[in-house]
Amino acid sequence: MRCLVTGATGYIGGRLVPELLDAGHEVRCMARSAGRLRDQPWASLVEVAQADASDAERVAEALEGVEVAYYLIHTMGGGSDFAAADREAATTFAAACERAGVRRVVYLGGLVPDERLSPHLRSRAEVGEIFLNSSVPAVVLRAAVIIGSGSASFEMLRHLTERLPVMTTPRWVATRTQPIAIRDVLRYLVAWASVEEEVNRSFDIGGPDVLTYADMMRAYAEVAGLPPRLIIPVPLLSPGLSSHWVGLVTPVPAGLARPLVESLRNEAVCGEHDIARYVEDPPGGLIGLRRAIELALRRVKEAKVLTRWSSASTPGAPSDPLPTDPGWAGGSLYVDARARRVHTSPQALWTVIEAVGGEVGWYSLPLAWSLRGLLDRLVGGVGLRRGRRDPRRLRVGDSVDFWRVEEVEPGRLLRLRAEMRLPGLAWLEMRVLTHRGETVYGQRAIFHPRGLAGHLYWWSVAPFHSLIFGPMLRNVARAAERGRSVSRPSPDGALRDGDPQDAVAEGAVG
């Protein structure tokens, strides 16, 4: 089949594409930014259509010749109008599928309880109904908690359990749920590309275990070899307070934690297993929670996490690329540019640059970076704890703490776009340069202010740049010369090896 995968830059979509390819299907990916898919290991094996789901004309082009369309677009967070945005995008996509003659739409939504739904679950249910009510047969898969390396649900479970040996918890930890392993979710999704019967209905999908969230934390502790956790439920924490609590303890920001927490308030247990009539259970049965945790932890330990919850764009985060016009049509553009000669090979320098962030850190004042991350989380941002998908390699679209990789030119350039809450747009560039036969490290912090607040912000933090970006410049160079990455800044006292700013002047940076 020729399949269209929307949301290919996200957690599920990024894993579904190679599974469909392995099953022998032709795949076309639809993404708002085609460049985000450029560095995927399967990029050369798929077609890429650049389109927003609400753009009827571009969606129609993306669906041309498609037989099975996977709709994996969700708005997590995104303000009070997220439901209207989801409704508009789904309606546009369903109508385009009708005109294009698509044989089947497959949608992954949430397991809908009989009780009062949270706003996000209600939106998921509405999107499912839009597809079921269209003239194109639709399969709506409804899942509760998805357990897999890098999933938001798994990261929330993992960090809560690992960091809190004793915890007072909200009442939702006593709510029953039916988690499902990411491998089983992908198996179901892939199978529906080949099912020949015409089917138009929803299916509940879940693993073999029905248990409370507290039971899931205890199971995680057991599988991970941690001492037993003491869990004390309290009735005081509302979903809003709970999401901020989760945001402070785990890498999952409060804006994303809230819909996860709200969905846990309702019992999420499958009401049927009718899907087995069309997609048989595997010989060994569906994957249980403990096995799913084992598989996820193995992936984390081996640094083989294919996609993460942060693979998807963060709601409210800027997505504007760095402008190529230096004057930016007369607008203000503040730049902190620095460069330093490095007594090592260009490859050694690049190895240090590509390892930045995550466990390695930012090569200067860890406390200052941590404080900036904490302040960002307090105002609803992503904070500094998203870490990295891979500790050694970066690709376009990866999240690195509160940055997003906008451009990677291996051996030459790493450009990061800020996703923290700012009154403007910000980038950090790290370059490997050569000047008169020598290796030079070039570094630029770039800021485009938004209104008066943006200008005030830049001038308020400018005095601290020498404390942040100066040591960063020195320590990146030192780490490269020593042949290793560092997680703590080196003692003061940089090597006095001349001023390579002439490389900047000659155009090596810029």
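This is a predicted model, so every value here is computed, not measured.
Salt-bridge formation is detected for the pair R58/E61: a Lys NZ or Arg NE/NH1/NH2 atom is positioned less than 4.0 Å from an Asp or Glu carboxylate oxygen. A salt bridge is absent between E409 and R431; no separation between the charged side-chain nitrogens and carboxylate oxygens falls under 4.0 Å. D398 and R393 are not joined by a salt bridge, as no carboxylate oxygen comes within less than 4.0 angstrom of a charged side-chain nitrogen. In this structure, R444 pairs ionically with E429, as a charged nitrogen and a carboxylate oxygen lie closer than 4.0 Å.
One N or O on the side chain of S345 and one on the backbone of A348 form a donor-acceptor pair closer than 3.5 Å. Judged purely by atom type and a 3.5 angstrom limit, Y70 uses its side chain to pair as donor or acceptor with the backbone of L189. A donor-acceptor distance shorter than 3.5 angstrom exists from the side chain of E354 to the backbone of L394, with no hydrogens or angles considered. Under the 3.5 Å distance criterion, the side-chain polar atoms of T161 are left unmatched by any main-chain donor or acceptor of Y220. Looking at N475, its side chain does come within 3.5 Å of a backbone N or O of Y363 through a donor-acceptor pair. Formation of a donor-acceptor pair under 3.5 Å by the D86 side chain with backbone atoms of S123 is not found in this model. No side-chain donor-acceptor contact under 3.5 Å links E406 to the backbone of L416. Of the possible polar contacts, one joining the S364 side chain to the I468 backbone as a donor-acceptor pair under 3.5 Å is found. Between the side chain of H159 and the main chain of E155, a donor-acceptor pair closer than 3.5 Å is present. A donor-acceptor contact shorter than 3.5 Å links the side chain of H25 to the backbone of M1.
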Exercise for the section: Test side chain to side chain contact (heavy atoms under 4.5 Å, CB included) on Y107 and L141 and set out the steps. Expected result: CA-CA 6 Å; Y107 170 64; L141 304 181; over 6 Å; no
Practice task
Please step through side chain to side chain contact (heavy atoms under 4.5 Å, CB included) for the pair L413 and V408, ending with a clear verdict.
Solution key: CA-CA 6 Å; L413 167 68; V408 179; over 6 Å; no
Exercise for the section: Under the side chain to side chain contact (heavy atoms under 4.5 Å, CB included) rule, what do R388 and E359 come out as? Steps first, then yes or no, please. Expected result: CA-CA 8 Å; R388 298 169 47 118; E359 294 297 320; over 6 Å; no
Practice task
Go through the steps for Y11 and H74 under the test ring pair (Phe, Tyr, Trp, His ring centres under 6.0 Å), then give the verdict.
Solution key: CA-CA 11 Å; Y11 177 74; H74 298 303; over 10 Å; no
Exercise for the section: Applying side-chain hydrogen bond (donor to acceptor under 3.5 Å, both in side chains), run through S149 and R15 and close with a yes or a no. Expected result: CA-CA 11 Å; S149 60; R15 298 194 180 202; 3.2 Å; yes
Handout entry: side chain to side chain contact (heavy atoms under 4.5 Å, CB included) assessment of I147 paired with M216
Key = CA-CA 11 Å; I147 300 295; M216 292 173 61; 4.1 Å; yes
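E419 and W403 are not linked by any side-chain donor-acceptor pair at a separation below 3.5 angstrom, with hydrogens and angles left out of the test. H435 and R341 form no side-chain donor-acceptor contact under 3.5 Å, judged by distance and modelled atom types alone.
The distance from the OG atom of S54 to the CD1 atom of I73 is 9.0 Å, given to the nearest 0.5 Å. How far CG of D401 is from CE of M420: 9.5 Å, rounded to the nearest 0.5 Å. Of the inter-residue distances, the one linking L45 atom CG with L21 atom CG reads 5.5 Å to the nearest 0.5 angstrom. Atom CZ of R404 and atom OG of S399 lie 5.0 Å apart (nearest 0.5 Å). From L349, atom CG reaches atom CZ of R412 across 12.5 Å, with rounding to the nearest 0.5 Å. Distance check: T6 OG1 to D52 CG gives 11.0 Å after rounding to the nearest 0.5 Å.
Around atom CZ of R183, no more than 12 heavy atoms belonging to other residues, nucleotides or ligands sit under 6.0 Å away. Heavy atoms of other residues, nucleotides or ligands lying less than 6.0 angstrom from CD of E47 number more than 12.
Side chains of W362 and V356 form a contact here, defined as non-hydrogen atoms less than 4.5 Å apart. The closest side-chain heavy-atom distance from V476 to M430 is below 4.5 Å. Side-chain contact between F154 and V145 is absent, with no heavy atoms from C-beta onward closer than 4.5 Å. The side-chain heavy atoms of L63 and F93, taken from C-beta on, include a pair separated by under 4.5 Å. V127 places a side-chain heavy atom less than 4.5 Å from the side chain of Y71. Side-chain contact check for L414 versus W350: some heavy-atom pair is nearer than 4.5 Å. Residues R187 and E19 fail the side-chain proximity criterion, which asks for heavy atoms closer than 4.5 Å. Using a 4.5 Å heavy-atom cutoff, the side chains of I12 and I146 are in contact.
Under the 30°/60° scheme for interplanar angles, the aromatic rings of Y334 and W459 are found to stand perpendicular.
Contact detail for V5 and A8: the closest heavy-atom pair is O-CB, 4.1 Å. Here the closest heavy-atom approach between residue P423 and residue A453 is recorded as CG-O, 3.8 Å. Closest approach of A96 to V59, counting heavy atoms only: CB-CG1, 3.6 Å. Closest approach of L4 and C29 over heavy atoms only: CD1-C, 4.3 Å. In terms of heavy atoms, R298 sits closest to R291 at NH2-NH1, 3.6 Å. Shortest non-hydrogen contact noted between I287 and A292 is CG2-N, 3.6 Å.
Here W458 and H465 bring their ring centres to under 6.0 angstrom of each other. Side-chain rings of F464 and F469 stay apart, their centers remaining 6.0 Å or farther from each other.
The salt bridge (charged side-chain N to carboxylate O under 4.0 Å, His left out) test with E407 is passed by exactly one of R415, R38, R417: R38.
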